[in-house]
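The next block holds one structure in the form of structure tokens; read it before the comments.
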Amino acid sequence: MLTYLSGAQIRQTFIDFYAERAHQVLPSASLVPEDPTVLLTIAGMLPFKPIFLGQRQAEFNRAVTAQKCIRTNDIENVGRTARHQTFFEMLGNFSFGDYFKEKAIAWAWELSTQVLGFPPERVVVSVFREDDEAFAIWRDQIGIPAHRIQRMDEKDNFWNSGPTGPCGPCSELYYDFHPELGDDHIDLEDDTRFIEFYNLVFMQYNQDAEGNLTPLQNQNIDTGMGLERVAQILQQVPNNYETDLIFPIVKKAAEIAGIDYAKSDESTKVSLKVIGDHVRAVMHMIADGISASNLGRGYVLRRLIRRVVRHGRLIGIDKPFINEVTEVAIAISEDAYPGVRAREKAIQAELLLEESRFLETLDRGEKLLSEILTRVEKSGKEISGHDAFVLYDTYGFPLELTQEVAEERGLTVDVAGFETEMEQQRQRSQAAHETIDLTVQGTLDKLAESLNETAFLGYTQFSGGAEVKVLLVQGKSVEAAEAGTEVQIVLDQTPFYAESGGQIGDRGYLSGDTVVVRVEDVKKEGALFVHFGKVERGTVQVGDRVTAQIDLACRRRAQANHTATHLLQAALKKLVDDSISQAGSLVAFDRLRFDFNCPRPLTSEEIQQVEEQVNTWISEAHAAHISILPIAEAKAKGAIAMFGEKYGDEVRVLDFPGVSMELCGGTHVSNTAEIGVFKIVSESGVAAGIRRIEAVAGPAVLDYLNVRDQVVRELGDRFKAKPEELPERITALQTELKTTQKQLDQLKGELALAKSDQLLGQAASVGSFKLLVAELEGVDPDSLKTVAERLLQKLGDGAVVLGSVPEAEKVSLVAAFSKGVNDKGLQAGKFIGAIAKLCGGGGGGRPNLAQAGGRDPSKLAEALVAARQQLESALSQ
RNA sequence: GGGGAAUUAGCUCAGCUGGUAGAGUGCUGCGAUCGCACCGCAGAGGUCAGGGGUUCGAAUCCCCUAUUCUCCA
């Protein structure tokens with residue numbers, strides 16, 4: 001009855017269907033979203049969010065995409081239910097102020113029943129409780145019986161992207177696996193019977209802070225059809241993991257483990273499904289430039305990789321295996337996502353590295369665990385929840401492994417206690433999260449609503465008139481600010497470049513008839529340029545006309561550094577590895593920093609070659625060509641693009657023909673010759689697989705050289721040597737210093753010995769004990785100790801107390817007591833502490849040997865007399 | 001974004017409640033052996049991640065920074 005379609009066919013069918021209906025076909029956006037508030041692309045609509053929120057103009061009225069997505073919030077369910085996945089593809093058709101409910105519903109229905117071939121009687125739909133319009137369309141125009149249209153509450157069928165902003169009702173299509181159960185008690189939550197496969201969102205309202213809904217001018221359509229779910233239905237398999245999109249990976253994992261999926265027990269199947277799911281996720285994440293780390297999305301990746309390794313171990317795989325299964329995943333995806341094959345090497349390297357890192361973590365955990373186990377075995381039978389939690393929380397050692405190992409030794413683990421600690425950790429994190437959200441964002445969001453975006457004039461103009469639209473002092477909107485105040489200012493238009501794409505914001509001045517504001521930085525908040533600065537003179541007011549003038553010298557420096565960064569990237573690609581791409585960048589006035597993915601350090605030859613290449617390009621005087629193009633056209637021309645570009649945008653392409661072509665919004669020199677010179681300062685590692693080059697270009701080179709030059713000259717003066725002789729000179733001095741130091745130590749030792757021999761004669765007898773109290777001149781604490789120990793050794797049973805003044809304002813004391821003295825109830829530590837107090841200090845140590853110090857040398861003699869008296873009386877008893 | 005942990009010799013790590021920084025391994029030399037592995041002896045190798053503070057005294061206690069590991073979001 002259902003026609004089998006492969007995952008690839010379903011994807012293509014969906015895209016073709018909407019392409020025929022005038023939708024622009026767009027490629028999947030990167031898993032790394034442009035939106036800084038989310039870690040990963042979690043939904044098909046995410047790349048369009050700025051359009052829906054009205055922050056950006058759409059280039060098309062209609063679009064269709066197959067979007068790769070990652071979600072890890074239900075990670076525990078992966079493999080256990082039929083449909084939870086961390087990685088999935090969302091097919092979506094979108095309307096930006098174009099068609100609305102009627103067409104969206106009609107097309108969804110046509111696609112589902114006529115193209116994909118779902119029998120109409122197997123499809124049940126839901127609408128929002130109050131959405132009579134959608135209900136009517138389904139019933140009257142599509143002809144679905146009213147009892148098969150379920151009305152649902154806000155929780156399920158009302159979409160919004162936050163407490164305020166655009167929102168609207170949804171309508172969902174469900175597939176019915178068991179129509180024979182009848183239509184009387186339809187419960188769409190029953191996932192043994194129904195599966196939601198298509199969600200239509202009708203964005204028709206704007207919600208304000210008070211919760212009022214007002215109709216939107218531009219109504220939008222946002223939809224999502226889960227590719228794997230549709231595949232599950234059409235391929236008539238019991239879950240997503242057994243579709244042709246994932247199952248080959250599962251089979252490969254089973255093969256490596258030497259088992260048969262069909263004959264496996266439930267928990268083995270879960271492990272295989274987890275591997276099948278996660279491997280796709282990690283492959284795409286790495287392909288999109290994410291590398292495993294301990295933070296943010298890199299941490300998500302790491303966790304997924306570790307889960308794969310762990311589940312591999314659970315089913316009996318005891319060797320590295322991820323790359324083998326990943327190869328299958330790449331083969332499945334490469335037609336739809338060619339980037340995956342292109343990044344194959346990087347994927348393999350990353351996985352191998354991370355797999356071995358995890359094994360290290362496990363080793364460390366096992367060591368700690370065995371320490372805990374031996375401790376616990378003495379006292380009882382249970383490992384505390386706290387111990388298990390520390391192992392997990394601090395050392396990343398999974399709870400199940402702790403339990404396993406404990407069991408082998410006949411011990412149990414307090415799982416309830418573990419969960420309690422885990423819950424506390426969760427609450428801490430959440431509490432911390434919410435306190436931050438409220439502070440900064442609010443005022444700026446409100447500003448964005450009432451203002452047009454700031455017009456940027458700075459590509460061509462360096463000064464210009466502007467009006468003060470908003471004035472902020474300490475985050476709050478004010479009408480005026482006096483001289484001396486730190487302010488943030490939004491203008492209607494500005495020549496100031498705002499920090500973006502790694503290039504820092506311009507500096508300069510805003511000046512009016514009576515007012516001057518010094519601008520120290522400019523940042524973007526959405527579409528607004530916020531000038532950070534200080535009022536230097538007069539009073540600035542909202543509505544003031546000012547002249548905005550950037551610091552041209554700074555700008556020129558930034559331009560030189562920025563263009564040099566592009567040349568650097570081009571040179572790295574040309575001379576080191578074509579697959580090098582940017583992983584971060586900073587363009588400041590005095591330097592530039594370029595991070596890029598590269599698995600190994602560069603050799604010094606490579607660094608030199610790269611530097612020479614950049615300088616060659618500079619001297620060849622290449623002119624910049626700047627054009628504004630649709631993104632697809634720019635990419636087709638071969639412009640270097642970073643991950644996570646926006647859809648629907650025209651992009652600025654900076655082209656030095658034959659040398660470098662990149663999408664870039666920054667400011668640049670108009671000819672490479674303006675840079676003058678380029679110098680690499682350092683090459684270093686930032687994180688695993690990422691290298692960093694720091695360099696200087698243009699006027700900044702001179703600064704750099706001046707600083708270096710001055711240091712070298714000063715060293716030359718001090719050492720009375722030419723610069724090139726300095727290293728040799730310093731080595732010689734170091735050696736000399738060391739030998740001198742050694743001689744000194746030796747002499748000190750000898751001197752101390754000599755002195756101790758002299759002192760030996762001064763020892764007095766008290767009962768059966770020998771007592772020696774003496775002052776040595778100018779002996780350092782360490783030698784004092786050596787002497788005391790040696791003296792006591794020679795004296796036998798007794799006590800030695802020595803004092804000295806090693807430097808001005810310092811007193812040093814040492815006491816050495818024999819065992820016999822200890823038995824008399826005298827402890828060196830306590831004794832010397834009391835004596836040191838007399839010299840304005842304190843001290844302590846072990847019963848047999850202790851040292852102390854003080855600050856008052858004039859009291860030393862007195863203190864030693866006291867020490868002698870106390871010892872005499874104590875020992876004579 | 002919020003916790004926890006780590007950073008000590010080239011490498012792997014000890015170092016307890018503050019009191020002269022150690023081991024194993026590797027390195028150099030000597031001995032033993034026909035020679036090697038091994039063994040024995042001796043030696044070199046440390047701004048205890050960096051910066052502040054507390055203290056008579058800090059690898060050790062406190063604060064900050066950096067890096068790494070790890071958990072939560």
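Side chains included, hydrogens not; waters and symmetry mates left out as well; all remaining heavy atoms used. Reminder, nothing fancy here: chain letters follow the sequence lines and each chain counts from 1.
Pairing of rU12(B), defined by two Watson-Crick or G-U wobble distances under 3.5 Å, is identified with rA23(B). Across all strands shown, rA66(B) is found opposite rU7(B) as a Watson-Crick or G-U wobble partner, with both distances under 3.5 Å. As the counterpart of rU17(B), no nucleotide is assigned, since no Watson-Crick or G-U wobble pattern has both distances under 3.5 Å. If you check rU54(B) for Watson-Crick or wobble pairing at under 3.5 angstrom, you find it has no partner at all. Pairing of rA44(B), defined by two Watson-Crick or G-U wobble distances under 3.5 Å, is not identified with any nucleotide. Judged by Watson-Crick or G-U wobble contacts below 3.5 Å, the nucleotide rC38(B) has no partner.
Separating the P atom of rG46(B) from that of rG50(B) is a span of 14 Å, rounded to the nearest Å. Taking atom P on both nucleotides, rU12(B) is separated from rU17(B) by 26 Å, rounded to a whole Å. Nucleotides rG52(B) and rU60(B) place their P atoms 14 Å apart, quoted to the nearest Å. Nucleotides rA73(B) and rU20(B) have their P atoms positioned 47 Å apart, rounded to a whole Å. The C1' atoms of rU25(B) and rC62(B) are separated by 36 Å, rounded to the nearest whole Å. The P atoms of rU28(B) and rU67(B) are separated by 37 Å, rounded to the nearest whole Å. Only the C1' atoms considered, rG15(B) is 23 Å distant from rC56(B), to the nearest whole Å. Taking atom C1' in both rU65(B) and rA9(B), one finds a spacing of 25 Å when rounded to whole Å.
Using a 4.0 Å cut-off, no side-chain N or O of Arg426(A) falls inside it from OP1 or OP2 of rC72(B). Proximity of Tyr392(A) to the phosphate of rC72(B): a side-chain N or O atom is located under 4.0 Å from OP1 or OP2. The phosphate of rG57(B) has OP1 or OP2 within less than 4.0 Å of a side-chain N or O from Lys810(A). Listed pair Arg428(A) / rG2(B) fails the phosphate criterion, with no side-chain N or O lying under 4.0 Å from OP1 or OP2. Residue Tyr395(A) has no polar side-chain atom (N or O) positioned under 4.0 Å from OP1 or OP2 of rA6(B).
Note on Gly843(A): a base of the nucleic acid sits closer than 4.0 angstrom, heavy atoms only. Using a 4.0 Å heavy-atom distance criterion, Glu809(A) is classed as making no nucleic acid contact. Among the heavy atoms of the strands, none lies under 4.0 Å from Phe397(A). Base contact: Ala852(A) has a heavy atom under 4.0 Å from a base atom. Residue-level contact check: Ser783(A) touches neither bases nor backbone, having no heavy atom under 4.0 Å from any strand. Gly396(A) comes within contact range of the sugar-phosphate backbone alone, with a heavy-atom separation under 4.0 Å but no base atom that close.
The 12-atom threshold is exceeded at CD of Gln424(A), counting heavy atoms of other residues, nucleotides or ligands nearer than 6.0 Å. Counting non-hydrogen atoms of neighbouring residues, nucleotides and ligands closer than 6.0 angstrom, the CD atom of Glu400(A) exceeds 12 such neighbours.
In this structure the side chain of Leu399(A) reaches within 4.5 angstrom of the side chain of Phe418(A), judged on heavy atoms.
In this model, a donor atom of one side chain and an acceptor atom of the other lie less than 3.5 Å apart for Asp393(A) and Gln425(A).
The listed nucleotides are rC72(B), rC69(B), rG4(B); the one nearest the side chain of Met422(A) is rC72(B). Which of rU20(B), rC72(B), rG57(B) sits closest to the side chain of Arg855(A) comes down to rG57(B). In the set rC69(B), rC71(B), rC72(B), rC72(B) carries the atom at the smallest distance from any side-chain atom of Arg303(A).
Residues Ala850(A) and Ile832(A) share a closest heavy-atom pair of CB-CG2, 3.8 Å.
Between the CG atom of Leu368(A) and the P atom of rC69(B) there is a distance of 17 Å, given to the nearest Å. Between the CD atom of Gln425(A) and the C1' atom of rC72(B) there is a distance of 4 Å, given to the nearest Å. Atoms CD (Gln424(A)) and P (rA73(B)) sit 14 Å apart, rounded to a whole Å. Look at OH on Tyr299(A): it is 12 Å from C1' on rG4(B), rounded to the nearest Å. The nearest whole Å value for the distance from the CG atom in Leu813(A) to the P atom in rG57(B) is 14 Å. Put simply, CD1 on Ile75(A) is 11 Å from P on rC71(B), counting in whole angstrom units. Rounded to a whole Å, the CD1 atom of Ile835(A) is 18 Å from the C1' atom of rG19(B). Between the C1' atom of rA5(B) and the CG atom of Leu391(A) lies a distance of 12 Å, rounded to the nearest Å.
Using cut-offs of 30° and 60° on the angle between ring planes, the pair Phe87(A) and His284(A) is parallel.
With salt bridges taken as basic N to acidic carboxylate O contacts below 4.0 Å, none links Asp797(A) and Lys819(A). Under a 4.0 Å N-O distance rule, the pair Glu862(A)/Lys859(A) does not qualify as a salt bridge.
Checking Lys785(A) against Val811(A), the closest nucleotide of RNA chain B that is more toward the 5' end is the one next to Lys785(A).
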